[in-house]
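A quick write-up on the structure given underneath.
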Amino acid sequence: MYTKPKGCYDIYGLDAKKWQYVNKVIDMLMEKYNYTFIRTPIFESSEVFHRGMGDSTDVVRKETYDFMDRGDRNMTLRPEGTAGVVRSYIENKMYGDATQPVKVYYNGTMYRYERPQSGRDREFTQFGVEALGSDDPMVDAEVISIPVNLFKMLGLKEIKVSINSLGDKESRDNHREALIKHFKPHLEELCPDCKERFAKNPLRILDCKVDKDHTYLKDAPSTIDYLNEESKERFEKVKEYLALLEVDYVVDPKLVRGLDYYNHTVFEIEAKVDGFGSNNVLGAGGRYNGLVTLLDGPETAGMGFAMGIGRLIQALELEKIKLPIVDDIEIFIMYVSETEKKYAMSLMQSLRMFGFRVETEYTSRGLKGQFKQADRLNSKLLIILNDEDLKKDEVKVKNNKTKEEVSIGLDYLLYYLDETLSIEDDHGCGCGESHDEEEHSCECGGHCHDKNENHDCKCGGHCHEDDGDHNCDCDGNCHKEG
RNA sequence: GCGAAUGUGGUGAAGUGGUUAACACGCCAGAUUGUGGCUCUGGUAUUCGUGGGUUCGAUUCCCAUCAUUCGCCCCA
């Protein structure tokens, strides 16, 4: 049997619906913000990432998927989105567009050669935005507000936004010198990685998880103390503007991003979700005014952020947030004989074109099996075809919830279906779904026998974790999601 | 790159150095001569990730390998 590559995932079934829903919300939100979609190649010349992200970053040093194509060109599967977008901005001379800043967003797969673990895959999906061509702090605030508002729209409540400023070049240089002065006497006590960081990019020692408890790290010069007047003023503006956009944040002077290209504003956004472990950072970003020139473009300001969709969905699941996804059908057409089957097909065709979600039987199950199938698919109405009825131009329509069955004349059928289903839909939240999802504590001791009453899991009957509140929407394949 | 755990049918999951590998769910069929979701009955794995070794004999012991999962590093 063939298996997927390590750290990659097949997304299908209910999971796929969640992804599609989240993507839909992203598209909607981006429309409001007037960011336009950009699709750049999944691989680029390796140089784009090496120059852009910095050779000293771990991501570039040992976590990229590199390959040589048949023309002996060095290529790299994109490990993040910004470098490619900036390359595109330069190559397509977007800096010449009249509508500056150029505001784009992407939503696609990225690749990092790492050991997979919870919340971290080799192929993962990131949604991100880039705003190029304005250095106004208002852009910083707006970009930070995007993930905040996205989380709000999705129902994720407990989030934390941390911000910091690295300052402009002068501030960074001053800070860097101070750091070197500070750490030099302690060099031998630092972890091996930090020794290397000391030489290449001392700033990142602040980010070290190994040495984080050492006092000399706690007393290390903070970026904020070394901001020059201009940078300080700028940071104040960002904070002021964030408040106007109703973004709650905390200033974290130790916040340093992993990539070299950031300056001024950097931020991180995490979800406070139980069971998330160390991968609770959902998204991060910052300003990168030097990056465009680094990739041989004209001096251009840039600000962006990226977030992992997989982690976001994991957070939504852990928080048991109910997404309004369609997981039922409106009409299931049942038949037995060949003439009934043919009638079923043409009826299905017209009902679908009319706008109903319609299913039928494909595997010659008996009528009993078709009832079961209709239940599995959460069908609201059943149309039961019968040669005798058809001779009288009638069909039987059974309401799968009330179990009421009526004979309907064919000329009246569309009207009847439309009426019945619109009443069905109108039961409050409009979710078209059962509500008790959140609080169905099944006492079945591990196996759900009946999906009736207050016990609405769609596990198809085999949830085996008797956690009391096993809320899996696993649609029939519960793997242990926790 | 480092460390740990796991690998039995469609699913969850027992189990033992030795005839036909529990149990449950699911699925299929029948009881119910064209109306389900309850109940009952029957069916559903030449086989315990793969390769090798120890043994009279291994799913069970050992080694290797692959895969999965989790943690560290790093990161979204």
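Values in this document were obtained by computation on a predicted structure and should not be read as measured data. Labels below follow one simple rule: chain letters A, B, ... track the order of the sequence lines, proteins then strands, and each chain is numbered from 1.
- Side chain of A:Thr223 to backbone of A:Ser165: a donor-acceptor contact under 3.5 angstrom is found.
- With A:Arg78 contributing its side chain and A:Phe43 its backbone, the two residues share no donor-acceptor pair below 3.5 Å.
- The nearest whole Å value for the distance from the CD atom in A:Glu361 to the C1' atom in B:C27 is 14 Å.
- Within 4.0 Å of A:Glu405, counting heavy atoms only, lies at least one base atom of the nucleic acid.
- Across all strands shown, B:A24 forms a Watson-Crick or G-U wobble pair, both distances under 3.5 Å, with B:U11.
- Rounded to an integer number of Å, the gap from CZ of A:Phe124 to P of B:C74 is 17 Å.
- When atom types are taken as modelled, the side chain of A:Glu123 and the backbone of A:Cys8 share no donor-acceptor pair closer than 3.5 angstrom.
- In terms of modelled atom types and a separation under 3.5 Å, the side chain of A:Gln370 and the main chain of A:Gln373 share no donor-acceptor contact.
- For A:Ser118, a side-chain nitrogen or oxygen approaches OP1 or OP2 of B:C70 to under 4.0 Å.
- Note on A:Glu268: nothing from the nucleic acid sits closer than 4.0 angstrom, heavy atoms only.
- When rounded to the nearest whole Å, the span between OH of A:Tyr261 and P of B:C75 equals 12 Å.
- Looking at heavy-atom distances under 4.0 Å, A:Lys6 makes contact with sugar-phosphate atoms alone, never a base.
- Nucleotide B:U68 holds its P atom 11 Å from the CG atom of A:Asp10, rounded to whole Å.
- Remark: side-chain polar atoms of A:Asn399 are not paired, donor with acceptor, to backbone N or O of A:Leu381 under 3.5 angstrom.
- Residue A:Glu340 is classed as a base contact, given a heavy-atom separation below 4.0 Å to a base.
- Positionally, the nearest nucleotide of RNA chain B for A:Tyr113 lies more toward the 5' end than for the other of A:Tyr113 and A:Asp121.
- Distances from the side chain of A:Leu367 to the nucleotides B:A76, B:G71, B:G34 place B:G34 closest.
- Residue A:Arg115 has no polar side-chain atom (N or O) positioned under 4.0 Å from OP1 or OP2 of B:G1.
- Comparing the P positions of B:A4 and B:G43 gives an interatomic distance of 46 Å, to the nearest angstrom.
- Remark: B:C40 base-pairs with B:G30; criterion is Watson-Crick or G-U wobble with both hydrogen-bond distances under 3.5 Å.
- Taking the P atoms as reference points, B:A45 lies 16 Å from B:U20, given to the whole Å.
- Comparing the same atom, P, in B:C48 and in B:G42 gives a spacing of 28 Å after rounding to whole Å.
- Look at the C1' atom in both B:G12 and B:G71: the space between them is 26 Å, to the nearest Å.
- For B:G71, the paired nucleotide is B:C2, the pair qualifying as Watson-Crick or G-U wobble because both relevant distances are below 3.5 Å.
- Protein atom CD of A:Glu80 is 15 Å distant from nucleotide atom C1' of B:C74, rounded to whole Å.
- Aromatic pair A:Tyr335/A:Tyr343: ring centres not closer than 6.0 Å.
- Put simply, A:Gln117 has a side-chain N or O that comes within less than 4.0 Å of OP1 or OP2 on B:C72.
- For A:Lys403 and B:G37, the NZ to C1' distance is 7 Å, given to the nearest whole Å.
- Proximity of A:Arg376 to the phosphate of B:G37: no side-chain N or O atom is located under 4.0 Å from OP1 or OP2.
- The separation between A:Phe332 atom CZ and B:G37 atom P is 16 Å, rounded to whole Å.
- Across all strands shown, A:Leu385 has heavy atoms under 4.0 Å from base atoms, whether or not it also approaches the sugar-phosphate.
- The residue A:Gly119 sits close to a base: some heavy atom pair falls under 4.0 Å.
- Across B:C75, B:G30, B:U68, the shortest atom-to-atom separation from the side chain of A:Arg311 is found for B:C75.
- Each of A:Pro116 and A:Phe371 has a nearest nucleotide on RNA chain B; the 5'-most of these lies closest to A:Phe371.
- With distances taken from any side-chain atom of A:Lys368 to the nucleotides B:G34, B:A76, B:G30, the minimum falls on B:G30.
- Across the protein-nucleic acid pair, A:Ile269 atom CD1 and B:A76 atom P stand 14 Å apart, rounded to whole Å.
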Working note: A:Asn280 + A:Leu282, criterion side chain to side chain contact (heavy atoms under 4.5 Å, CB included); need CA distance, chi angles, decisive distance, verdict. CA-CA 6 Å; A:Asn280 58 349; A:Leu282 293 181; over 6 Å; no
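- Here B:C28 is the nucleotide among B:G34, B:C28, B:G37 with the atom lying nearest to any side-chain atom of A:Arg365.
- B:U69 sits 14 Å from B:U8 when the P atoms are compared, rounded to a whole Å.
- In this structure, the nucleotide among B:A76, B:C28, B:U35 sitting nearest to the side chain of A:Lys372 is B:C28.
- B:A76 and B:C66: their P atoms are spaced 30 Å apart (whole Å).
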